[in-house]
Structures are given as structure tokens and as C-alpha cells.
Amino acid sequence: MIKAVRGFKDLLPEEAGVFRWLEEQAREILRRYGFSEIRLPILERTELFARSIGESTDIVEKEMYTFQDRSGDSLTLRPEATAGVVRAFIEHGLYNRPKPLKLFTIGPMFRHERPQKGRLRQFHQIDVEVFGAASAGMDAELVALALGILRAGGARDLRLEINSLGCPGCRGPYREALREFLFSRRERLCEDCRRRAERNPLRALDCKREGCQREYQEAPMLSAFLCEDCRRHYQHFKTYLQEGGILFIENPRLVRGLDYYTRTIFEIKAPGLGAQDTVAAGGRYDGLVSALGGPETPAVGFAIGMERWWLVSRGSQREVAAPDLFIAPLGEEARRWAFRLAALLRDRGLKVESDYEGRSLKALLRQADRLSARWALILGEQELQEQRALLRDLASGTQLSLPFRDLEDLLNRVLIEILF
RNA sequence: GUGACCGUAGCUCAGGUGGUCAGAGCGCCGGGCUGUGGCCCCGGAGAUCGUGGGUUCGAGUCCCACCGGUCACCCCA
């Protein structure tokens, strides 16, 4: 038997219903905040991700689905959405539109990691980006938006962690100071951290090993290196959050896995997710648009992991809507009649089902019952001869025989009852 | 990429120390009610016991490998 690829999941009807419901909640909140949807390819040139996410990040180094297409180009299934949004922003000159430009996109992302709770190889994100807003007020508004979406899905007990990564101006000197510190203690650090000390010193700080963390108690803090502007921005951000009654935890060790972030970064964690407890994360990336060839454009964004959000939402199991009418035809002529009638009623907005398998009346009614149909229209050979049909109320079990010419009138009244 | 645990019908699971052990419940199809659902009763279809080797007279039950699932590490949504 051919099975789905590891880490790729099918969503059966019941699950797809919940997924869709979540998406609808998100879209409604996004609408209130003034965001517009964009739809993007899930395949991009590998170079786009290498340049935006960062060459030495785990994502680029070992998690991307990269391959050569038939013309020899290196393409990659997107591991995250921001790079593609920025690419489209530049490619279509969206920087000429009124600012701020608020966009969101929903779709699958791909990362070749070992699957576990809250982690798939194909997973889905709601990705939200704002271009052309430099102030911390927008950072805070995005946090409020993320929390609003998550709560609309029923997520509770969310924990917001924030930090500031500074700008290239202040992060450079800090990075050097940190690197020096790491080298001075390298004997006492784990293997991973020694490697990080060279390639990506900031990442060492969120090492999970106790031994390393003990050393880092004395490590220089980025907050001490923030330039005046970055410090003020961070302060404003916190002020706005407080203004909105949004509780947060400052986590000076918080670092993100992508290189493009500047200043504000945040993560929203939820209980009950196991080891992967971050359900949404994002931050500011003021340098990315220009780095990819666009005009200097401040930008902030975040992404919500749909599957993780799902895990902490109230899984509102929505079934397929029940039919208004189930037509139970007996005999070939009745079946043809049912076929025409079903199409007619559907055109008028009724949800109608029938069955052409030539099953017994008993089987047909069982089917109608299972579908939770409101009425069954029994169309037997006897009825057909008399130009009548039996309309049965499936809840009460009462039924009446009525001539075809009354059928239309009755169904019209039924229609009105349903639609209004 | 590393580790631990797990893998029997569509689903949830039973199957001491290897020898009618290939089962149950639910679901599905049908019958009892020859044209009337939901309850009840009866019957049926459906499993090469994840795959491939090995040990043995004999393996779902033991061993090995592989595949897959789950959780954790790394990292991340």
C-alpha cells in the first residue's frame, strides 16, 4: 500500500472541518485589523531563502526541501512565508502602495525535520506582515492581533515572551562582546555552543544545557548594548502592551531562528503542546526588504502554526450540514424523477440528496436517517402512477401523501422556512 | 540526524511460558418488517497479524534488519 510521505498528513472530512473553522476565525479577526490576503507560490528559488533566513541557520543548513528542476534551477519548497511575501512585495512594486501595507497569507510550509507532537514536515501557517510601519505601536498591535486570533480559536493561558534584538548598529558590537565571552569560557561549554560561538553566538544563549546556562549567567546582555533608538523602541513597545492590558514576560535570552530579525521579537507559548510549545512567533525585520533589493522599508510580522493552534483550540467538531430533504426513489422511473427533482431543488438553494443504487426503501430511509435529513420524499411506483409522493418528517415519523401539483407549493413554503 | 516506546479487521482493542489464536466491540452491507429510518435480534463482507529474513517439526507470539507511528533531543510554527 502506498502511504502518505512521512510527516505529511491527510485531513479527513471531520478534521478538515475543524481546520476550516479555525481559518475562518482567523480571517474574521484579520479583517477587523484591516489585513488583505495574498496568495503565493509554495516553491521559490533556493537563493531567496538562503539570503533572507540566513545561510548558517538550521533551516537553511539542513531542513529545506531543495531540488533541481528540469532546467537545472535550484528550487525549494518554502520553509516559512516571510521571504516569499517580501519577494512579492518587491517584485510587484507594492512599496508604491499606501503605507502601512497589511498582508496575510495562509498555506503550507515544509521543513525536513523529525516529526513529533506539534511538528510536521508539511505544516500550515497563518503569516501576517506589515510593511512601512516603523513605530513600536504596530509591533504591539500585531501582538494583540496574534493573541486575538489564537483566542478566537479557543486557546487559553497563552504566555507572551518578548525581547529586543537591536539593530545592526548595536547588535554588531554586542555580538563581538558575546563571542569574546564565549571563547573565554569555551572549555566549559558544550560542543554545540562552541560551534555557535563562531557561527551564531546569539543562539548559544538559549542553549538548554544546565552547564552552559550556568556560564551564561555572567554573559554580557544585549539589553546593555542597545543603542538609544532601539532602547526607546523597545520601551515604547512595552508601553503599548501595557496600555492594551497585554501581559508579557521579558526574556533576554529569547532569540529567533532566522537571521533577519531586528529590534522587537516575540513568541506566544501555550500549555499543553508538549516540547513544541510556541504557537506563534514573529518580530520586526527592518533590513530584509532592502537586503533583497527593495527600497528601505521597515516591516513587522508573525506567523501562527495552524496545527499547534489546533492542538490548543477547542476542537469544534463541525459535521457536514444535514440535508433538508432526502429523496428515496423506488424503481428506475422514480430514480430519474428523483434526479430531476433534486437538481431543481438544489437550484433553489435546498440541500438535497438522493440515491440511485436501487436499494430497498428500508436502506434508503436508514441512509436518510444517518444523514440527519429533515424530510424524506418517498417516490414509489404506486405514488408515481397516482402522480403523488410521500413526504415524511423524519423526526416525528409522520408523513403525508400529496399530489405533485401540491408538492411545489409545499416545498416553496419549506424553502421560505429554511431561508428566512 | 540521535534516542525511547509502539505497529493484530475501516476504528478501538483481546490474544500467559511458541502448537484451532486469527477474535470482540463499534462501523459497513443485508435479513427479521416481500414499500418505511432511529431500538432490538440474526447473518455477511472485511486481517497475507507493518515488511523481509532467521530460529523451530511448528511463530501474531522468539531473534535480526528495514519501514511506519508516537514522544523526546537538536531546532522550530
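What you see below is based on every heavy atom in this structure, not just the backbone, and it leaves out hydrogens, waters and symmetry mates. Residue numbers begin at 1 in each chain, while the letters A, B, ... track the order of the sequences.
Around CD of A:Glu47, the count of heavy atoms belonging to other residues, nucleotides or ligands within 6.0 Å does not exceed 12. In this structure, A:Glu333 places its CD atom where only 12 or fewer heavy-atom neighbours from other residues, nucleotides or ligands lie under 6.0 Å away. With a 6.0 Å radius and a threshold of 12 heavy atoms from other residues, nucleotides or ligands, A:Phe339 has its CZ atom at or below the threshold. Heavy-atom neighbours of A:Ile249 CD1 from other residues, nucleotides or ligands within 6.0 Å: above the threshold of 12. Taking a 6.0 Å sphere around CZ of A:Arg346, one finds it holds more than 12 heavy atoms contributed by other residues, nucleotides or ligands. The number of heavy-atom neighbours closer than 6.0 Å to OH of A:Tyr240, taken from other residues, nucleotides and ligands shown, is 12 or below.
As the counterpart of B:G1, B:C73 is assigned, both hydrogen-bonding distances of the Watson-Crick or G-U wobble pattern falling under 3.5 Å. With a cut-off of 3.5 Å on both pairing distances, the Watson-Crick or G-U wobble partner of B:C66 is B:G50. Taking a pair to require two hydrogen-bonding distances under 3.5 Å in either a Watson-Crick or a G-U wobble arrangement, B:U20 remains unpaired. Across all strands shown, B:G25 forms a Watson-Crick or G-U wobble pair, both distances under 3.5 Å, with B:C11. Look at B:G35: it lacks any Watson-Crick or wobble partner with both distances under 3.5 angstrom.
One C1' atom belongs to B:U56, the other to B:U61, and the distance between them is 13 Å to the nearest Å. One C1' atom belongs to B:G46, the other to B:G53, and the distance between them is 29 Å to the nearest Å. For B:G37 and B:G19, the C1' atoms lie 49 Å apart once the distance is rounded to whole Å. For B:C33 and B:U51, the P atoms lie 44 Å apart once the distance is rounded to whole Å. Separating the C1' atom of B:G50 from that of B:C6 is a span of 11 Å, rounded to the nearest Å. Of the C1' atoms belonging to B:A22 and B:A59, the separation is 13 Å, rounded to the nearest Å. Using atom C1' as the reference point in both B:G69 and B:C11, the two lie 16 Å apart (nearest Å). Using atom C1' as the reference point in both B:G32 and B:C39, the two lie 14 Å apart (nearest Å).
Counting only N and O atoms by type, the side chains of A:Gln125 and A:Glu80 include no donor and acceptor under 3.5 Å apart. In the model, A:Thr82 has a side-chain atom that pairs as donor or acceptor with a side-chain atom of A:Glu129 under 3.5 Å. Counted by atom type alone, A:Gln122 and A:Tyr65 present zero donor-acceptor pairs between their side chains at under 3.5 Å.
If you measure from atom CD1 of A:Ile59 to atom P of B:C74, you get 16 Å, rounded to the nearest angstrom. As a whole-Å value, the separation of A:Arg119 CZ from B:C74 P is 10 Å. In this structure, the CD atom of A:Glu63 is 15 Å from the C1' atom of B:U2, given to the nearest Å. Across the protein-nucleic acid pair, A:His124 atom NE2 and B:C76 atom C1' stand 16 Å apart, rounded to whole Å. Residue A:Glu161 contributes atom CD, which lies 14 Å from atom C1' of B:C76 at whole-angstrom precision. Between A:Phe110 atom CZ and B:C76 atom C1' there is a gap of 17 Å when expressed in whole angstrom units. If you measure from atom CG of A:Asn251 to atom P of B:C76, you get 13 Å, rounded to the nearest angstrom. Distance, A:Leu77 CG to B:A77 P: 17 Å, rounded to whole Å.
Nucleotides of RNA chain B nearest to A:His112 and A:Arg121 differ in position, and the one nearer the 5' end is that of A:His112. Sequence order on RNA chain B of the closest nucleotides to A:Gly274 and A:Glu267 puts A:Gly274 first from the 5' end.
Taking a 4.0 Å limit (strictly below) on heavy-atom distances, residues 275-288 of chain A reaches RNA chain B at A:Ala275, A:Gln276, A:Thr278, A:Val279, A:Ala280, A:Ala281.
Salt-bridge annotation for A:Glu24 and A:Arg27: absent, with no side-chain N of the basic residue lying under 4.0 Å from a carboxylate O of the acidic one. Note on A:Lys238 versus A:Glu250: salt bridge recorded, some NZ/NE/NH1/NH2 to OD/OE distance being below 4.0 Å. Ion pairing between A:Arg335 and A:Glu332 holds under the 4.0 Å rule for side-chain N and carboxylate O.
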(request) If a protein heavy atom is under 4.0 Å from the base, mark B; if only from the sugar-phosphate, S; if neither, -; do that for nucleotides 29-47 of chain B going 5' to 3'. (result) SS-B--BBBB---------
Distances under 3.5 Å only, N/O to N/O: pair up the protein atoms with those of nucleotides 66-70 of chain B.
residue : atom : partner : partner atom : Å
B:G69   : OP2  : A:Arg6  : NE           : 2.7

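Partner A:Asp277 forms a salt bridge (charged side-chain N to carboxylate O under 4.0 Å, His left out) with one of A:Arg308, A:Lys269, A:Arg119 and no other, that one being A:Lys269.
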